[in-house]
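Structure first, commentary second.
What you are looking at is a predicted structure, and each value in this text was computed from that prediction instead of being measured. First listed ligand is number 1; within each ligand, the first listed atom is number 1. Numbers here simply count residues along the sequence, with the first being 1.
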Amino acid sequence: MKFQAVAGLASAAALLPSAYGAVVIRNPTPEELAAEVLAAPLIAFDKRATPQAPDGYTPTEVDCPSTRPTIRNASTLSTNETTWLETRRNNTLSPMKDLLSRLNITGLDTDTYIDNHSSNVSALPNIGIAVSGGGYRALMNGAGAIAAFDSRTRNSTSTGHLGGLLQSATYLAGLSGGGWLVGSLFTNNFTSVQAILDQDTGSDDSGGLWQFGNSIFEGPDTGSIQLLDSIGYYKTLYDEVSAKGDAGYNLTITDYWGRALSFQLVNATNGGPAYTFSSIQDDVAFSQANTPMPILVSDGRAPGQTLITGNATVYEFNPWELGTWDPTTYAFAPLRYLGTNFSAGSVPSGDRCVRGFDNTGFVMGTSSTLFNQFLLEINNQTTLDIPSFVQTALESILTDIGEDEDDIADYPNPFYHFNNDTSRIANDDMLTLVDGGEDLQNIPLHPLIQPERNVDVIFAVDSSADTADPQPAPNWPNGTSLVATYERSLLPISNGTAFPAIPDQNTFVNLGLNSRPTFFGCDSSNMTGQSPIIVYLPNAPYSYNSNFSTFTPSYTDAERNAAINNGYNVATMGNGTVDSDWPTCVGCAILGRSLNRTGTTIPDVCNTCFEKYCWNGTVDSSATNYTPAYALNDTISTTSGAVHLASSSAFALSVALVASLVVLF
Ligand SMILES: *[C@@H]1O[C@H](CO)[C@@H](O)[C@H](O)[C@H]1NC(C)=O
Ligand SMILES: *[C@@H]1O[C@H](CO)[C@@H](O)[C@H](O)[C@H]1NC(C)=O
Ligand SMILES: *[C@@H]1O[C@H](CO)[C@@H](O)[C@H](O)[C@H]1NC(C)=O
Ligand SMILES: *[C@@H]1O[C@H](CO)[C@@H](O)[C@H](O)[C@H]1NC(C)=O
Ligand SMILES: *[C@@H]1O[C@H](CO)[C@@H](O)[C@H](O)[C@H]1NC(C)=O
Ligand SMILES: *[C@@H]1O[C@H](CO)[C@@H](O)[C@H](O)[C@H]1NC(C)=O
Ligand SMILES: *[C@@H]1O[C@H](CO)[C@@H](O)[C@H](O)[C@H]1NC(C)=O
Ligand SMILES: *[C@@H]1O[C@H](CO)[C@@H](O)[C@H](O)[C@H]1NC(C)=O
Ligand SMILES: *[C@@H]1O[C@H](CO)[C@@H](O)[C@H](O)[C@H]1NC(C)=O
Ligand SMILES: *[C@@H]1O[C@H](CO)[C@@H](O)[C@H](O)[C@H]1NC(C)=O
Ligand SMILES: *[C@@H]1O[C@H](CO)[C@@H](O)[C@H](O)[C@H]1NC(C)=O
Ligand SMILES: CC(=O)N[C@H]1CO[C@H](CO)[C@@H](O)[C@@H]1O
């Protein structure tokens, strides 16, 4: 893409007055004023993820707390997490009892089993859920799985369903598009997918979450409670990001991307500029451990570097911290004080602290920076009225950082001069993070296979677009992400993490391991170290072809709902209609490691399940093509028609962009 060279941000700002000359600043109507009050950024006692940032999107200096924040090394869990886990593990027991009893594990009295071990909760199952990247397709397919696992979804606790698994889980990790899902739920008081879908059953289709009918190029629907028309939307994005730049922070395309995403994912009429990811720690439901712990994943990539699969440092964001277990940094920073000038692990005396850097949209955008490319398509939206100051601002950023770096997110490096001898980034001013899927590990397993977390089973929802386009069935997963995590586990950077053996992608396709659920790592004695059982849940056509191209920017509500419904069917195998043993087998996967730990005999029904669902080591690497058939008879079609055929993108994409995204998703 060719951009007119512009000298820098200052010149973009200088263009502001004339650019704004075209903007009609409207007189707010009483209705708009009322909406503004609703969206007021400082609702002090609103105990959900909250607009805690002192000055909206702009990171702001504040006095440090009396105990000044510090960087810690990664040898243990944080005390915040350890404390929280004591309550969370207890809180999972009652939902887990309900769930397991519904899953009908003949030969094991699961109520008695849990009661007998409840004084030593670490003997009992510790569940993680991981939702892959893949843009809106991944958000929607992942949402179907989460809805299936959520006892708040209507009918989800009927026979054949899996409701309650979410309530039984300790961790919920998301990456890129999966991170949009996780971030959106947690920014909204851990609302349910059901509640989000229920919002627009009425005639008022405005102002709610997940309105994907308008792409990010258009901005939010201008319904009754929306403040912004298209120009107002762009002006808001521009003003907020510019203010961060004016405050002295380096800007990247991720700043714009994160702000734009927030209008769809954060339930606020103004895109929630002051919402921070660290505010989740004060959310009542989370802090009382009535939700799983959310984790988002991103990769480190220094400027000018090419990211090599297996060699990237994998970072996580959780409500308390940003950091990594990898030996190449091996440190965690307090999320709330990101942006503060840390040096050798502490804030130099005399320096103040910074708050508001961890804007929740920016964190979600950091996990999904590949979609910065999406935003750069703005120049090609000829049918839309996109103000020139937006294009100028994006061009200016690219001029500053270089077009090869259009996918980075810039963080002042909190790990500066920390772990000098071992950290790759000890001498870098900036910590530059990119999309968590750029190292091909598109499922956020990394945080969940850390031995410190003792996870027993991971429900790994894979919405990757691995199968090539064009071919009969593009944009379905074929195991590539699991292969990447397995191969990395054999390298020194894995630092004590272990992962089950995973076969090559042709084997996945030839044996159908990517068109039905498969367990990996069933036999713990066969492993080089402590590893969970992986319950692989690959997106596949059950009731709908949800294999939208990663670049499709907008979706009708019908498409969205059908994709979510398909995801529900993937997770439940059509509510147990494809295999009536499936719910029982899910229960067996949950209990597997725990039964080993407590020396309990595996019930016969579970042995049958493990024979049926565990990959048994068979390999068939012969060349192959993926041609899936619907798993259910009851299928849905939407007006977009046969999206399983090479999907027509809503706008022209350059060869280079298609290539860069196809390789990664
Ligand atoms: C997290 O841990 C720190 C240090 O132990 C403590 O000061 C802080 O209050 C904790 N935060 C929460 C939300 O528990
Ligand atoms: C968890 O449950 C155990 C056993 O009932 C109890 O001893 C412990 O105090 C509980 N811990 C928390 C943090 O609630
Ligand atoms: C429970 O599983 C047994 C087989 O182990 C089966 O005979 C029975 O019908 C199942 N019950 C329900 C309610 O599905
Ligand atoms: C829930 O189950 C009831 C009774 O079986 C059925 O009528 C209804 O359609 C189901 N609702 C959903 C959302 O599946
Ligand atoms: C958050 O959700 C909880 C549980 O559903 C509810 O009791 C509470 O009122 C909600 N809080 C807000 C601020 O919406
Ligand atoms: C979004 O916010 C509106 C207004 O505060 C609220 O009525 C609605 O329940 C919220 N939606 C969700 C899914 O939380
Ligand atoms: C901006 O980026 C430059 C070059 O990477 C770096 O030296 C500088 O510290 C950054 N400034 C801030 C405020 O992060
Ligand atoms: C891994 O990345 C580091 C820098 O991040 C680089 O110095 C090193 O050569 C890379 N190793 C391999 C095997 O690519
Ligand atoms: C790390 O190295 C820098 C520069 O050499 C030095 O100033 C700093 O004190 C070192 N940090 C530690 C903790 O030794
Ligand atoms: C599997 O996916 C990779 C990309 O991740 C692709 O290169 C390969 O051709 C695919 N193989 C099959 C059999 O689908
Ligand atoms: C955008 O359009 C220009 C022509 O206006 C074209 O040269 C360019 O390749 C397009 N960019 C992309 C990413 O499609
Ligand atoms: C188990 C293991 O190898 N842990 C190492 C991970 O990396 C850190 C930092 O290099 C080492 O201190 C640990 O021993």
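Using a cut-off of 4.0 Å between Lys/Arg side-chain N and Asp/Glu carboxylate O, D299 and R301 are scored as not salt-bridged.
Contacts of F357 classified as ring pair (Phe, Tyr, Trp, His ring centres under 6.0 Å), with partners at least two apart in sequence or in another chain: Y249, F362, Y411.
Among the candidates V314, T497, V483, the single residue satisfying the side chain to side chain contact (heavy atoms under 4.5 Å, CB included) test with R488 is V314. In summary, of the residues considered (Y315, W325, F317), a ring-ring contact (aromatic ring centres under 6.0 Å, His included) with F332 occurs for W325 alone.
Counting protein heavy atoms only, atom 12 (O) of ligand 12 is closest to Y330 CE2, 4.1 Å. From the protein, the heavy atom lying nearest to atom 2 (C) of ligand 12 is N495 OD1, 3.0 Å. For atom 10 (O) of ligand 12, the closest heavy atom belonging to the protein is P327 CB, 3.6 Å.
Sorted by chain and number, the heavy-atom contacts of ligand 8 below 4.0 Å come from Q305, I308, N311, R424.
Counting only heavy atoms, the protein gets under 4.0 Å from atom 7 (O) of ligand 12.
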Subject >> Residues F149, F459; criterion ring-ring contact (aromatic ring centres under 6.0 Å, His included); working and verdict >> reply: CA-CA 10 Å; F149 297 157; F459 288 84; 5.8 Å; yes
**OP:** Walk me through it: do W84 and F286 pass the test ring-ring contact (aromatic ring centres under 6.0 Å, His included)?
**Re:** CA-CA 9 Å; W84 179 87; F286 173 74; 5.1 Å; yes
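T369 OG1 to I408 CD1: the interatomic distance, rounded to the nearest 0.5 Å, is 9.0 Å.
Ring geometry for F190 against F186 counts as tilted: the plane angle lies between 30° and 60°, on a 0 to 90° scale.
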